[in-house]
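Notes to accompany the following structure.
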Protein chains: 4
Amino acid sequence: MGGTMDGTRQRRRGDTRRRIQDVALELFAEQGYEKTSLREIAERLEVTKAALYYHFKTKEEILVSIFEDLTQPIEDLIEWGRLQPHTLATKQEIVRRYATALAEAEPLFRFMHENQATVRDLRIGESFKRRIQRLRDIIVDPDAALVDQVRYTSAIFTLHAGMFLIQDMGDDPEEKNRAVLEVAMDLVAQAHRGAGGS
Amino acid sequence: MGGTMDGTRQRRRGDTRRRIQDVALELFAEQGYEKTSLREIAERLEVTKAALYYHFKTKEEILVSIFEDLTQPIEDLIEWGRLQPHTLATKQEIVRRYATALAEAEPLFRFMHENQATVRDLRIGESFKRRIQRLRDIIVDPDAALVDQVRYTSAIFTLHAGMFLIQDMGDDPEEKNRAVLEVAMDLVAQAHRGAGGS
Amino acid sequence: MGGTMDGTRQRRRGDTRRRIQDVALELFAEQGYEKTSLREIAERLEVTKAALYYHFKTKEEILVSIFEDLTQPIEDLIEWGRLQPHTLATKQEIVRRYATALAEAEPLFRFMHENQATVRDLRIGESFKRRIQRLRDIIVDPDAALVDQVRYTSAIFTLHAGMFLIQDMGDDPEEKNRAVLEVAMDLVAQAHRGAGGS
Amino acid sequence: MGGTMDGTRQRRRGDTRRRIQDVALELFAEQGYEKTSLREIAERLEVTKAALYYHFKTKEEILVSIFEDLTQPIEDLIEWGRLQPHTLATKQEIVRRYATALAEAEPLFRFMHENQATVRDLRIGESFKRRIQRLRDIIVDPDAALVDQVRYTSAIFTLHAGMFLIQDMGDDPEEKNRAVLEVAMDLVAQAHRGAGGS
DNA sequence: TATGAATGAGGATTCATTCAT
DNA sequence: AATGAATGAATCCTCATTCAT
C-alpha cells in the first residue's frame, strides 16, 4: 500500500505542496469550495489532513496560493495594458491575450465564476474584483456613451461565458474559441467606433 | 419575546411559509446557499428550526419552492416563444420580455448565478439548465454560422451580466437597463442579419 | 383526495381508535417500537399526528392499550391455571392453550420478543415479566431437580421460538406447529416424570 | 479536567478504540442500541463525540466492530464443525463449545437477543442470521422427522434462553449452566435417536 | 373528532483546525 | 516532512408532544 521503493513516492518528494494545489483546484472546480473538504483532498493524495497543515496555514490559504500562482499572467497583462495608449489596437490585443490567459487557467476561472458567492468573502474575492476592475478601466472608455460601455463589458463577459458556459455548442472547440473571440473583438470595435475613436 | 398582543404575531398567522421563503431567498442571495444555515433563517423569523421543517421537508425544498414560484413567468415565456414563428421580431420580443422577467426575480437569479457550483447538484440545477437550454433553442438559429450562434448566446449573457454584474456603472439604473437591453437587441439583430434574415 | 361520500370515510367513523392500534401494532412489529414514529402511523392512516393524541395520551399508551387488549386471554389462562391442581394433565393443558394464545396474538408477541430492550423500561415491561413469571410458577415445580426446572422453562421457550423464529423450517405451518407443541409437551412430561410426579 | 500527569491519560493512549468498544457494548446491552446515544458513550469516556468519529465511521460501525471481534470464536467453531462427521458426538461437542462461546461473549449475545428488531436492519443482522443458520445446518439433520428437527433447534434456543433469560432460577450460576447444558444435550440425543442414529 | 402550527430537546454526522511526537 | 489523536462548533434533521381552534 503506497509504494516506497518503486519510485512513485520518490519522485513525489518535495513537490507535495504543488500536488496539494493541483488536487485542490481539481476538486474545488468540480464540486465547489465549500463542498470540498480537506479530508477529501488528503485522501486523494494519500496523506493525512495534518500534512496539508504543514504546507498551508488554512483551507483558504490553499485557494489563495493557487489563485496567486495562476493569475500572474493576467496581472502582467494588466500592467502591460496600462502603459499602452488606449487605442482600439491595444484594446483588441488585450482581449486577445485575455482570452488566452483565461484558457490557460480555465479550471481556476471556472471555479471563480461558479463560486462567486463563496469567493466574495474570501481573501481573494476583493483581489479578483479589483483585477477585473482594472482590466475594465483599460478597455472601457469612461467618456463613451453608456451603450458602448456596456458593449465593452459585454465583450469581456462574452469571453468568460464562451470559456466555461458554451460547452455544448459547435463540435470543434478550437473553432468555437475563434468564434467567441471574433464576437468579443467585434463588440470592442463597435464600442470604439461609437465612441468616435480614430 | 416577540409581541403577543400587538398584532405582529396575529398578522403573521398563516403566512409563515411565505415569510420563510422571503427570508431564505434574502439570505441565500446575500451569503450563498451553503453558508446560510437553517438556524439563521429561523432566528431571523423568530421561530424554531423545527418550524421550518413543518413547512418544508428539507433545506433544499425551501430553495426548490422559491425557484418554482418565481420562475413561472419564464416558463410561460418559453412556452409562448415556442409557438411563435422564429422571426427576428419574435426573438427581440423574447429578449425584451426575458429582461423584464430577470429584473422581477433579480435576487433569485443573482443567487443562481453566484452559486452555480452549489446549485448544480441540487434538484433545481438540472431544471434551470434545461430552461436556459430551451430559451436558447428558441433564440439561437441552429443553421446560423457559429459566430452568429455565439452572438445569440452572448445576447442572453449580456442580459444576465447586465442585471447583476454591472452594478457600478452609470448612475441611473433605469438608463443602464435600457443600454443593456439595446446591446442585447443589437447582438440578436446582427446574428439574424448574418444568418441571411430579411 | 380522501373520499367523503364513497363510504370509505363513513365506515371508518368511530373506529379510529382501533385503526390506530392496528396500524401501530403492524408497524411496531415490522420495524420496532423506537423506529416507528407517530408521523408514520398518522400518515398511513391519513390523519394528523394530533389526531393520535386525541385518542391516546402518549406513544407508550398506544402500545399499552394494544398489550392490554390482546393479552387478556393469557391473563385468563393464568387465572384458570392457578385454580387447577398442579398435575401433569393441567400443565399440558396450559401449554396447549398457551400455544394457541401465542398464535392468536402473534404480531404482539413477536414484537415483545424482538424489542425486549425497549419494552423493558416501558410500563408494560414489568407487567409482561410478571405474567411470564406467574405462568412459570404454575408450570415449574419448585421442588423438582434443577434440570427439570430448566426443562419446564425450555418448554415455554420452545413455544416462543417455535412461533416466531423457526420460520424457514418445514413446509406446512400447521404441521410445524404440531411438532413444536409435541416437543414442548414432551419436555413437560420428562420434567414431571423426573420430579417423580404421579 | 481528567488527570494529565497521573498516568490515567497516559495509560489510555492508544487504546481509545478498545475503550470505545467496551463502553459502547456495556451501554448497548444495558439500554439498547437506539436508546444509547453517542453523546452518552463519549461522556462516559470523557472524550468528545468527534473523537468517536475519529475511530469509527458511524455508530453502526462501532457495533459491527464489536460483533466481528467477539464472534470470531463462533465463526471458528462453525468452520470446525463443518469438517467433522455429522455424528452425535460431534453435535454434542458443538453444543458444548457453543455454550462456552455464548458465555464468554454474554453481553453481546444478550444485546443481540434483546435488540432483534433493531439489529435486523443493521449490517450485522444478516451476518448473524447466516451464522445461526450455518450452525443449525450442522446440528439439524435435514432427513430427520419434523419433531426431531424442532428438538435440535430447541436445544440451541435452550442454550440462548439459559444464558440470558433464566436469571432468577437456582442459586449457583455454575450449577444452572450445567443443568441448561444437560437439557440441551439431552434434546440433541433424543433427536438423534429418533432419526435412527446408533 | 379532529387539524394546523409550532416547540424543545435531542439525534448522528462533518468540518476546519491543533498539537505533541 | 508528516502522522495520530483529538476538539469545539456547527450542520441538517427527526421526534414526541402541545394547544388554540
Side-chain angles (χ1 to χ4, degrees), chain A residues 9 12-17 34-42 45-62, chain B residues 9 12-17 20 34-42 45-62, chain C residues 9 12-17 34-42 45-62, chain D residues 1 4 9 12-17 20 34-42 45-62:
Chain A
R9 280 245 186 260
R12 282 176 181 174
R13 259 283 175 67
D15 61 354
T16 305
R17 196 189 140 91
E34 321 250 18
K35 287 214 304 263
T36 300
S37 69
L38 295 187
R39 178 178 53 70
E40 221 172 339
I41 297 175
L45 284 167
E46 294 181 272
V47 295
T48 45
K49 268 181 294 171
L52 306 184
Y53 279 91
Y54 176 79
H55 294 280
F56 299 94
K57 264 215 282 289
T58 64
K59 182 183 179 184
E60 185 172 350
E61 263 245 323
I62 299 181
Chain B
R9 280 248 184 261
R12 282 175 181 175
R13 240 334 136 48
D15 60 304
T16 305
R17 195 189 142 93
I20 293 172
E34 322 248 18
K35 287 218 299 271
T36 300
S37 69
L38 294 187
R39 178 179 53 70
E40 221 171 338
I41 298 175
L45 285 167
E46 292 180 275
V47 295
T48 46
K49 271 179 289 167
L52 306 185
Y53 280 94
Y54 175 75
H55 294 280
F56 299 95
K57 268 215 278 287
T58 62
K59 183 184 179 183
E60 185 172 348
E61 262 242 328
I62 298 180
Chain C
R9 279 246 186 262
R12 281 176 181 174
R13 260 284 174 66
D15 62 353
T16 305
R17 196 189 139 91
E34 321 249 18
K35 288 217 299 267
T36 300
S37 69
L38 294 187
R39 179 179 51 69
E40 222 173 338
I41 297 176
L45 285 167
E46 294 180 272
V47 295
T48 44
K49 269 182 293 173
L52 306 184
Y53 279 91
Y54 176 78
H55 293 281
F56 299 95
K57 264 215 283 288
T58 63
K59 183 185 180 185
E60 185 172 349
E61 264 246 323
I62 299 180
Chain D
M1 213 187 290
T4 319
R9 280 247 185 263
R12 281 176 183 175
R13 238 336 134 47
D15 60 304
T16 306
R17 197 189 139 94
I20 292 171
E34 321 249 19
K35 287 217 300 270
T36 300
S37 69
L38 294 188
R39 179 182 51 70
E40 223 172 337
I41 298 176
L45 285 167
E46 294 181 272
V47 295
T48 46
K49 270 180 291 166
L52 306 185
Y53 279 92
Y54 175 74
H55 294 280
F56 299 95
K57 267 213 279 287
T58 62
K59 183 183 179 185
E60 184 172 350
E61 261 241 327
I62 299 180

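All figures in this text were calculated on a predicted structure; none of them were measured in a lab.
The two residues Leu38(B) and Lys59(B) come nearest to each other via the heavy atoms CD2-CG, 3.8 Å. Considering all non-hydrogen atoms of both residues, Ala42(C) and Thr48(C) come closest at CB-C, 3.8 Å. Across all non-hydrogen atoms, the minimal contact from Lys35(D) to Glu40(D) is O-OE1, 3.6 Å. Residue Glu61(A) comes nearest to Phe56(A) through the heavy atom pair O-CD2, 4.0 Å, listed as atom of the first residue, atom of the second, then distance.
A close approach under 4.0 Å does occur between a side-chain nitrogen or oxygen of Arg39(B) and OP1 or OP2 of dT11(F). Distances shorter than 4.0 Å separate some side-chain N or O of Ser37(B) from OP1 or OP2 on dT11(F). Between Tyr54(B) and dA5(E) there is a side-chain polar atom (N or O) within less than 4.0 angstrom of OP1 or OP2. Side-chain N/O atoms of Thr16(D) include one lying less than 4.0 angstrom from OP1 or OP2 on dA6(F).
Of the inter-residue distances, the one linking Ile41(B) atom CD1 with Ile20(B) atom CD1 reads 8.5 Å to the nearest 0.5 angstrom. Here the straight-line distance linking atom CG of Leu52(A) with atom CZ of Arg17(A) works out to 12.0 Å at 0.5 Å rounding. Separating the NZ atom in Lys49(A) from the CZ atom in Arg39(A) is a distance of 8.0 Å, to the nearest 0.5 Å.
If you check dT18(F), dA2(F), dT14(F) against the side chain of Tyr53(B), the one that comes closest is dT14(F). Of all nucleotides listed (dT17(E), dT18(F), dT7(E)), dT17(E) comes nearest to the side chain of Leu38(A). For Thr58(B), whose side chain is taken as the heavy atoms from C-beta onward, the closest listed nucleotide among dC13(F), dA12(E), dG4(F) is dC13(F).
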Legend entry - DNA chain F base-pair string [pairs: Watson-Crick or G-U under 3.5 Å; |: paired with another strand]: .||||||||||||||||||||

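As a whole-Å value, the separation of Lys35(D) NZ from dC15(F) P is 16 Å. A straight line from CZ of Phe56(D) to P of dG4(F) spans 16 Å, rounded to a whole angstrom. Atom CD of Glu40(A) and atom P of dA16(E) are 9 Å apart (whole Å). As a whole-Å value, the separation of His55(D) NE2 from dA12(E) P is 18 Å. As rounded to whole Å, 11 Å separates atom P of dA1(F) from atom CG of Asp15(A). When rounded to the nearest whole Å, the span between CD1 of Ile62(A) and P of dA16(E) equals 9 Å. Counting to the nearest Å, the P atom of dA6(F) and the CD1 atom of Ile41(D) are 15 Å from each other. For the pair Glu61(A) CD and dT18(E) P, the computed distance is 12 Å after rounding to whole Å.
Two residues, Leu52(B) and Thr36(D), neighbour DNA chain E, and the one matched to the more 5' nucleotide by heavy-atom proximity is Leu52(B). Place Thr48(D) and Thr48(A) on DNA chain F by their nearest nucleotides, and Thr48(A) ends up nearer the 5' end. Closest-nucleotide positions on DNA chain E for Ala50(B) and Glu60(D) were compared, and the one nearer the 5' end corresponds to Ala50(B).
A donor-acceptor contact under 3.5 Å links the side chain of Lys49(A) to the base of dT17(E).
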